[in-house]
Each structure stands twice: as C-alpha cells, then as structure tokens.
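Accompanying notes for the structure given below.
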Amino acid sequence: MTARAETIIAVATAPGRAGVAVLRVSGPQAGALVTALTGRPLPAPRRAAYASFADPATGALLDRGLLLWFPSPASFTGEDVAEFQVHGSRAVLAALLAAATGFPGVRLAEPGEFTRRAFDNGKLDLTEVEGLADLIDAETEAQRRQAVRQLDGALGQIILGWQARLMRALAHCEATIDFVEEEDVPDDLLSATRPDLTALLAEMRGQAADGRGERLRQGLTIVILGPPNAGKSSLLNALAGREAAIVSDRAGTTRDVIELHLDLGGYPVTLVDTAGLRATDDPIEAEGIRRARARADQADLALVLLDRADWPRVPDDVAPWLDQPGTLRLLTKCDAGIAPPADAGGWLPLSVRDGIGFDALMQALTDRAAALLSTGSDPLLTRARHRAALDETCAALDRALSGTLPELITEDVRLALRGLGRIVGRVDVEDILGLIFAEFCIGK
C-alpha cells in the first residue's frame with residue numbers, strides 16, 4: 001500500500017488531560033472509519049454532529065462527542081478528512097487510536113504528515129506551511145501577526161507575482177532564440193525585457209535587504225552590562241517579574257550568562273544578565289566575563305548600568321559599550337531621596353527598589369524594539385532559506401542583465417525562476433512556462 005492509499009490519524013491537540021481533545025483523520029478510508037466507529041451514515045459536510053464512538057471489533061462504547069466531516073477536496077489536506085472532538089483524557093485518546101488503527105488501511109500519522117499532504121495536494125505552498133509552523137510557535141502579538149500574514153499567502157503572492165513577470169520575460173527570451181528568422185517576431189524583443197527585469201531585480205534586492213522578518217521570528221537580544229554590584233541581576237528580576245537571578249551585595253555573584261524570554265510590548269525579547277565586567281584572577285569569573293563580552297558583541301541592544309555612587313567614573317571595562325548605537329545608559333540606585341546628578345545627560349535615572357525610571361525604561365525598550373521589528377502589513381522573508389534562494393535569484397538576474405548572448409541570458413532567467421520556485425516549494429517551471437509561451441506565440 002502506497003503512502004497516498006493510506007489513511008492517517010493523529011491527536012491534533014496538545015498532550016495531557018483536558019476537557020476536549022481533537023483527533024484528525026485524513027485519507028481514502030476516513031469515511032469508512034467514521035461509519036465503523038459511529039455505526040451511522042456520514043454527517044452533512046462541515047456540520048458538527050453529536051455521535052457515540054465504539055470499537056468496531058467489540059462494539060464497546062469508547063466515548064461520546066462531536067463529529068465533523070470534510071469531504072475531498074474541500075479540506076485541510078485536500079483528502080477526505082474527519083475530526084472527532086472527544087473528552088481529553090489519555091485513556092479515551094488511547095482507546096480511540098487503538099480502535100482506529102485496527103481498522104484496515106489506517107495508521108498513525110508521522111509528525112507533520114497532515115501538513116505535508118496539504119502541501120502535496122496544493123492546499124498550501126511552502127511559505128504557508130512555514131507560516132502555519134510560526135503561528136503555532138508564536139509567543140507575542142507581533143509574531144502572531146507576521147505568521148498569519150504568511151499563512152494567508154502574502155509572501156507567496158509576492159513570489160508568484162515575481163514568477164509571472166519572469167516567465168513572461170523568459171517567453172520573450174525563448175522567442176528570440178527559436179524564432180530568430182521569423183519576420184513577425186520583433187528584433188528588439190530581448191531588449192524589451194530589460195526594463196522589467198531591472199525593476200524586478202531592484203524589488204527583490206530591497207526585500208532581501210530587509211531583515212525584520214527573520215529578526216522578528218527569532219526575537220531581539222538585550223544584554224545587561226555593567227561593573228559588579230551595579231544592579232544588573234535586580235534589573236533582570238524586575239523586568240522578568242520574578243526572582244530569576246540571585247541578588248547579592250557580594251561582587252562576582254553572577255558568573256554565567258542568564259537568559260530570559262520576555263514579551264516586550266508584543267515583541268519577542270531574550271534578556272541576558274551577565275557577569276560584572278572587571279579585571280579578575282578567578283578563572284571561573286574570567287570565563288563568565290568573556291561570555292558577557294561575547295554576548296554583548298552579538299546583542300541587538302545593550303543596557304549599560306552604573307551605580308549612582310560611582311558617578312561619573314565609568315570603568316574601562318564598561319566604556320567600550322557606552323557609545324554603541326543600540327545602547328541605553330542607566331544610572332542605578334537612584335532611590336527616593338537620592339537625586340540623580342544634575343549633569344547626567346544621556347543617563348536614565350533608575351531605582352529598581354522604588355520603581356523610579358522603570359516606566360521610562362520600559363517605554364524606551366518598547367520603542368527601540370518596535371523600530372527594529374515592526375513590519376506593519378508588509379510580508380517579509382522570515383527564514384534564512386528564503387534569503388539564500390532570493391540571493392541566488394538576484395545573482396542570476398544580475399548575470400542576465402549584464403549578458404549579451406541570448407542563450408546565456410535565457411538560461412539565467414530560467415535559473416532565477418527556479419530560485420523563486422524553491423521559496424514556495426514549486427520548481428516545476430517548465431509546465432507553466434509552456435502555457436505562457438503558447439499564449440505568446442499566438443499573439444496574446
């Protein structure tokens with residue numbers, strides 16, 4: 001039995017005890033399995049029906065719940081699909097899975113197999129599959145918005161639009177080669193494609209240069225830097241809203257990198273607490289400081305802390321990060337009754353204990369995160385593979401625009417098409433090209 005002849009079943013909800021769980025079935029035996037489990041005809045498509053589910057082999061009642069039926073091709077996978085909404089106990093799910101997989105032609109689905117069938121049956125392109133994965137993994141509002149746009153096909157539509165323009169240019173290139181001696185084919189046909197290819201290349205390069213989509217998926221990294229006892233761990237705990245790091249008056253308490261994932265105004269952030277920067281002979285503390293510097297070099301933003309009592313002396317170990325573009329300067333321990341220095345321009349007074357300056361800090365961090373991550377309604381590249389394929393496409397177009405031989409130009413345009421096809425997971429360029437070329441040849 002081939003994979004396409006098999007019917008698959010899996011639990012579609014998270015594992016563990018719950019009021020309701022969903023089992024999904026897809027494949028040619030889905031209808032027969034529903035009838036065998038319920039002992040009744042299939043319900044009306046896309047209408048919930050109350051049903052009793054019994055073991056076909058023994059007739060023993062397994063559970064009662066809701067049944068939904070989605071006949072092919074109007075389903076998620078494009079195949080016949082059924083969903084059982086039952087009580088979410090492990091015992092109920094185990095009994096239903098055992099009964100279903102005992103039915104001829106039905107087996108447990110492999111991880112991601114429902115989505116793979118949706119892709120294979122043309123229900124989703126590869127960018128939409130990735131959007132679905134991102135939506136499931138989304139932890140912040142900004143990530144959710146981006147994932148929904150991609151699942152809705154926004155990025156795929158841009159790629160398809162570029163493909164259509166490239167295929168028309170390819171048809172012109174092919175006509176220049178194949179019909180060079182035909183009187184009704186214009187001599188400047190190849191030259192006529194250059195303006196659109198030039199504009200197309202500029203659009204693609206602009207999209208490739210925008211890294212906000214990838215950064216939004218991964219989140220920003222904000223590192224907390226400063227000398228020992230500047231209040232770094234206290235600030236981490238305040239931002240996290242819990243005791244995530246040990247706070248002590250003893251210098252050098254934090255010796256390793258501590259990471260926390262936060263939702264900052266709807267944007268994903270990894271907050272990093274680091275060892276205090278200073279000269280030390282302790283090899284363990286020195287390793288912690290080395291790691292702190294390495295994370296600071298890779299971070300998107302840095303919070304540089306300085307104790308109010310040490311103002312205005314900035315330790316040499318901290319000074320290199322003061323003037324970096326992504327740095328916020330914080331003057332800590334400006335508790336109630338302790339006025340910040342009058343000349344502390346560029347430093348934000350802060351007291352974790354009394355909450356002084358905390359709202360201003362949160363607003364500054366949110367504003368910077370929005371400036372780096374806000375995508376508006378623009379569909380953007382979200383993965384390194386998108387960028388790699390688009391870079392290959394741009395390189396092929398660049399060669400085509402600088403070339404002179406029609407055969408080589410044609411091949412480079414074809415390679416550009418294949419590069420775009422890899423983004424959406426469709427590289428069968430020749431079939432589509434044949435249709436467009438046929439239209440071109442009959443004068444449409």
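- In terms of heavy atoms, Arg24 sits closest to Phe114 at O-CZ, 3.2 Å.
- Side-chain contact check for Leu235 versus Leu361: some heavy-atom pair is nearer than 4.5 Å.
- Of the options Asp210, Leu380, Thr382, a side chain to side chain contact (heavy atoms under 4.5 Å, CB included) to Thr375 is made by Leu380 and by none of the others.
- The two residues Ala82 and Val34 come nearest to each other via the heavy atoms CB-CG2, 3.5 Å.
- Crowding of Arg385 atom CZ: a count of heavy atoms from other residues, nucleotides or ligands under 6.0 Å exceeding 12.
- Expressed to the nearest 0.5 Å, how far CG of Leu93 lies from CZ of Phe84 amounts to 12.0 Å.
- For the atom pair CG (Leu408) and CG (Asp412), the distance works out to 7.0 Å, reported to the nearest 0.5 Å.
- Judged by distance alone, with hydrogens and angles left aside, the side-chain atoms of Asp63 form a donor-acceptor pair with the main-chain N or O of His87 at under 3.5 Å.
- Atom CD of Glu139 is surrounded by 12 or fewer heavy atoms from other residues, nucleotides or ligands within 6.0 Å.
- For Arg116 and Glu113, the salt-bridge test fails: no basic side-chain N is under 4.0 Å from an acidic carboxylate O.
- Side-chain atoms of Val223 and Trp321, non-hydrogen and from C-beta on, never get closer than 4.5 Å to each other.
- Between the side chain of Arg212 and the main chain of Ser374, a donor-acceptor pair closer than 3.5 Å is present.
- Ala279 approaches Asp317 most closely through the heavy-atom pair N-OD2, 3.7 Å.
- Side-chain polar atoms of Gln363 and Asp367 form a donor-acceptor pair below 3.5 angstrom.
- For the pair Leu420 and Trp162, the tightest heavy-atom approach, listed with the atom from each and the gap, is CD1-CB, 3.6 Å.
- Using modelled atom types, one side-chain atom of Thr410 and one backbone atom of Pro406 make a donor-acceptor pair closer than 3.5 Å.
- Note that the CZ atom of Arg422 and the CG atom of Leu417 stand 11.0 Å from one another [nearest 0.5 Å].
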May I have the step-by-step check of side chain to side chain contact (heavy atoms under 4.5 Å, CB included) for Val413 and Leu197, ending in yes or no? CA-CA 9 Å; Val413 174; Leu197 289 181; 4.3 Å; yes
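- Salt-bridge annotation for Glu130 and Arg217: absent, with no side-chain N of the basic residue lying under 4.0 Å from a carboxylate O of the acidic one.
- When side chains are defined from C-beta on, His386 does not count as touching Gln207, because their heavy atoms never get closer than 4.5 Å.
- The two atoms that bring Ala296 and Leu225 nearest to each other are CB-CD1, 3.6 Å, heavy atoms only.
- In terms of the side-chain contact (heavy atoms from CB on, under 4.5 Å) criterion, residue partners of Val314 (sequence neighbours excluded) are, by chain and number, Leu306, Val318, Ala319, Leu322, Trp347.
- Between the side chain of Asp152 and the main chain of Val148, no donor-acceptor pair closer than 3.5 Å is present.
- The closest donor-acceptor contact from the side chain of Arg168 to the backbone of Thr193 lies at 3.5 Å or more, if one exists at all.
- Closest non-hydrogen pair, Leu397 versus Ala416, comes out as CG-CB, 4.0 Å.
- For the atom pair Leu303 CG and Leu271 CG, the distance stands at 7.0 Å (nearest 0.5 Å).
- The shortest side-chain heavy-atom distance between Phe76 and Leu132 falls under the 4.5 Å cut-off.
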Mind running side chain to side chain contact (heavy atoms under 4.5 Å, CB included) on Val20 and Thr13 for me, showing each step along the way? CA-CA 9 Å; Val20 176; Thr13 44; over 6 Å; no
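- Counting only distance, with no hydrogens or angles, the side chain of Gln150 and the backbone of Thr127 share a donor-acceptor pair below 3.5 Å.
- Judged by distance alone, the side chain of Ser75 and the main-chain N or O of Pro71 form no donor-acceptor pair under 3.5 Å.
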Working for side chain to side chain contact (heavy atoms under 4.5 Å, CB included), residues Met362 and Leu264: CA-CA 8 Å; Met362 291 299 293; Leu264 185 63; 3.5 Å; yes
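- Of the residues listed (Asp307, Asp354, Asn229), the one engaging Lys333 in a side chain to side chain donor-acceptor pair (under 3.5 Å) is Asp307, and it is the only one.
- Side-chain N or O atoms of Arg46 include none that pairs as donor or acceptor with a backbone N or O of Phe70 at under 3.5 Å.
- Using a 4.0 Å cut-off between charged nitrogen and carboxylate oxygen, Asp300 and Arg215 count as a salt-bridge pair.
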Begin with the C-alpha distance, continue with both residues' side-chain angles, and end with the deciding distance and a verdict on salt bridge (charged side-chain N to carboxylate O under 4.0 Å, His left out) for Arg399 and Glu411. CA-CA 10 Å; Arg399 290 194 304 270; Glu411 182 59 24; over 6 Å; no
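- Under the 4.5 Å side-chain criterion, counting only non-hydrogen atoms from C-beta, Cys394 is in contact with Arg205.
- Although no hydrogens or angles enter the test, the distance criterion places no donor-acceptor pair under 3.5 Å between the side chain of Lys123 and the main chain of Thr115.
- Contact of the Gln298 side chain with the Thr221 side chain is not registered, since no non-hydrogen atoms from C-beta on lie closer than 4.5 Å.
- Arg290 has its side chain within reach of Glu287: a pair of non-hydrogen atoms, C-beta onward, lies under 4.5 Å apart.
- Judged purely by atom type and a 3.5 angstrom limit, Thr270 has no side-chain atom pairing as donor or acceptor with the backbone of His261.
- For the pair Leu330 and Ile224, the minimum side-chain heavy-atom distance is 4.5 Å or more.
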Report the C-alpha distance between Thr140 and Asp263 in whole Å, list the side-chain angles of each, state the deciding distance to 0.1 Å, and finish with yes or no for side chain to side chain donor-acceptor pair (under 3.5 Å). CA-CA 6 Å; Thr140 70; Asp263 181 338; 5.3 Å; no
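- Annotation: the span from Asp335 atom CG to Leu350 atom CG amounts to 9.5 Å, rounded to 0.5 Å.
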Salt bridge (charged side-chain N to carboxylate O under 4.0 Å, His left out) between Arg144 and Glu141, intermediate numbers included: CA-CA 5 Å; Arg144 182 198 64 79; Glu141 176 61 17; 2.5 Å; yes
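- Note that CD1 of Ile222 is 11.0 Å distant from CG of Leu236, once rounded to the nearest 0.5 Å.
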Would you please test Leu301 and Leu372 for side chain to side chain contact (heavy atoms under 4.5 Å, CB included) and show each step? CA-CA 10 Å; Leu301 298 173; Leu372 291 171; 4.3 Å; yes
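- Atom CG of Asp316 has 12 or fewer heavy atoms from other residues, nucleotides or ligands within 6.0 Å.
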